[in-house]
Number of protein chains: 2
Amino acid sequence: MAASKDPRPCSIADTLALVGEKHSLLVLREVCLGNGRFDQLVRNIGAPRDILATRLRRLVDAGILVKQPYSERPQRFEYRPTQAGLELEPVLMTLMAWGDRHLRGDGDRPMVLEHSCGQALAPVVTCRACGDEVRHEDLTARPQAPGWTVTGPTAA
Amino acid sequence: MAASKDPRPCSIADTLALVGEKHSLLVLREVCLGNGRFDQLVRNIGAPRDILATRLRRLVDAGILVKQPYSERPQRFEYRPTQAGLELEPVLMTLMAWGDRHLRGDGDRPMVLEHSCGQALAPVVTCRACGDEVRHEDLTARPQAPGWTVTGPTAA
DNA sequence: TACCGTGAGTTCGGATTTCCTACTCACCGG
DNA sequence: CCGGTGAGTAGGAAATCCGAACTCACGGTA
């Protein structure tokens, strides 16, 4: 059997089709950090300039970034996150937390996010409805399209 | 200036180096859903078999998945998430929530995750220390390595 | 026994992407 | 006039990805 031509319909896949290409999420990281200029992005991300240009176009088209002039004469631009872009920050936070936890010995975190409460941020995903921390065992997947089953009873 | 050879040290980048290749997070999605067999993965993800084989090896090496036999004679395997793999689920949840919100008109969500509280899951990222929902403006980035500044005052 | 089907991959050549280096173009400051 | 900066584009080599076909071990069935 070949790779199916119509895989499971899924918002994860759709989102990754927009921001899952190499470097895209790092662009978003820098832009959220306030480093939105082209050469800053090149330096801080380490991506070739041409891919960066391609990624930026795509992210702007998708409404995740906007390209704003910060100086006329000479024309200079800066990329900034839109509201939709900012709403992707939780993805970055959870990725960073995972990397800090699993890829590094403690004490060598390359960056700490400080929350307004004064503590270093440890992000926790909770349920909007009940407020509890979400754990794998507490989830049941309900595919809405026919034919797309899920095998595990405690599926997520 | 060329693409810098030493970009910003960052756990987001490190994590993406492991799970950011094409299809990797979809593998994790299926495995978390309980669909851990090779041909299920091929069908549900829509990736070529050889790439899937490569991704699976990499994810197993990284300790995100384990390859477990579910039948001797004939030998048959199933991939399952490790604890570390399960800890990546928040990334999937936030990606899915974003896609549902921004890429689809309401009412056509391809999958709903039901939380044990009985409601459809709407994931919210909160601060472990104070419990509040984390918002962009409440974060301050503190790079730990020298030279890696952040320009915005309200950087995240 | 012969044959077909399934699970779990591997192999192959070709199509895409990415990468790297260099180049452009517009402007500014001295 | 000269060098530097910001924001890219151009071109070819290198790495990845893709689709289809092939393997191999087994199990069922007729």
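Throughout, a chain's letter reflects where its sequence line sits, starting with A, and its residues are numbered from 1.
- One can place CD1 of A/I45 at 14 Å from P of D/dA7, the figure rounded to the nearest angstrom.
- Closest to the side chain of A/R76, from the set D/dC17, D/dT5, C/dC19, is D/dT5.
- Atom CG of A/N44 is separated from atom P of D/dG6 by 12 Å (rounded to the nearest Å).
- With rounding to whole Å, A/N35 atom CG is found 12 Å from D/dA7 atom P.
- Here D/dG6 presents its C1' atom at 12 Å from CG of A/L41, a figure rounded to the nearest Å.
- Going from atom CG of B/L52 over to atom P of C/dA8 covers 11 Å, rounded to whole Å.
- A donor-acceptor pair under 3.5 Å links the side-chain atoms of A/Q144 to the main chain of A/R142, judged by distance alone.
- In terms of polar N and O atoms assigned as donor or acceptor, the side chain of A/R49 comes within less than 3.5 Å of the base of D/dA7 in a complementary pairing.
- Taking for each of A/F38 and A/D50 the nucleotide of DNA chain D with the nearest heavy atom, the 5'-most of the two is the partner of A/F38.
- In this structure, of D/dG8, C/dG9, C/dA8, it is C/dA8 that holds the atom nearest to the side chain of B/R37.
- Between A/K22 and D/dC17 there is no side-chain polar atom (N or O) within less than 4.0 angstrom of OP1 or OP2.
- Across the protein-nucleic acid pair, A/I51 atom CD1 and C/dT21 atom P stand 13 Å apart, rounded to whole Å.
- Checking the phosphate oxygens (OP1, OP2) of D/dC17, no side-chain nitrogen or oxygen of B/H23 falls inside 4.0 Å.
- Counting only distance, with no hydrogens or angles, the side chain of B/W98 and the backbone of A/A84 share a donor-acceptor pair below 3.5 Å.
- Here B/C10 contributes atom SG and A/E30 contributes atom CD; the two are 8.0 Å apart, rounded to the nearest 0.5 Å.
- Electrostatic pairing of A/E78 and A/K67 does not count as a salt bridge here, judged by no charged N lying under 4.0 Å from a carboxylate O.
- A straight line from CZ of B/R57 to C1' of C/dG9 spans 9 Å, rounded to a whole angstrom.
- In terms of modelled atom types and a separation under 3.5 Å, the side chain of B/T82 and the main chain of B/I64 share a donor-acceptor contact.
- The side chain of B/Y79 lies closest to C/dG9, out of C/dT6, C/dG9, D/dC17.
- Atom CD of A/E78 is separated from atom C1' of D/dT5 by 16 Å (rounded to the nearest Å).
- Side chain of B/R55, nearest nucleotide from D/dC17, C/dT6, C/dG9: D/dC17.
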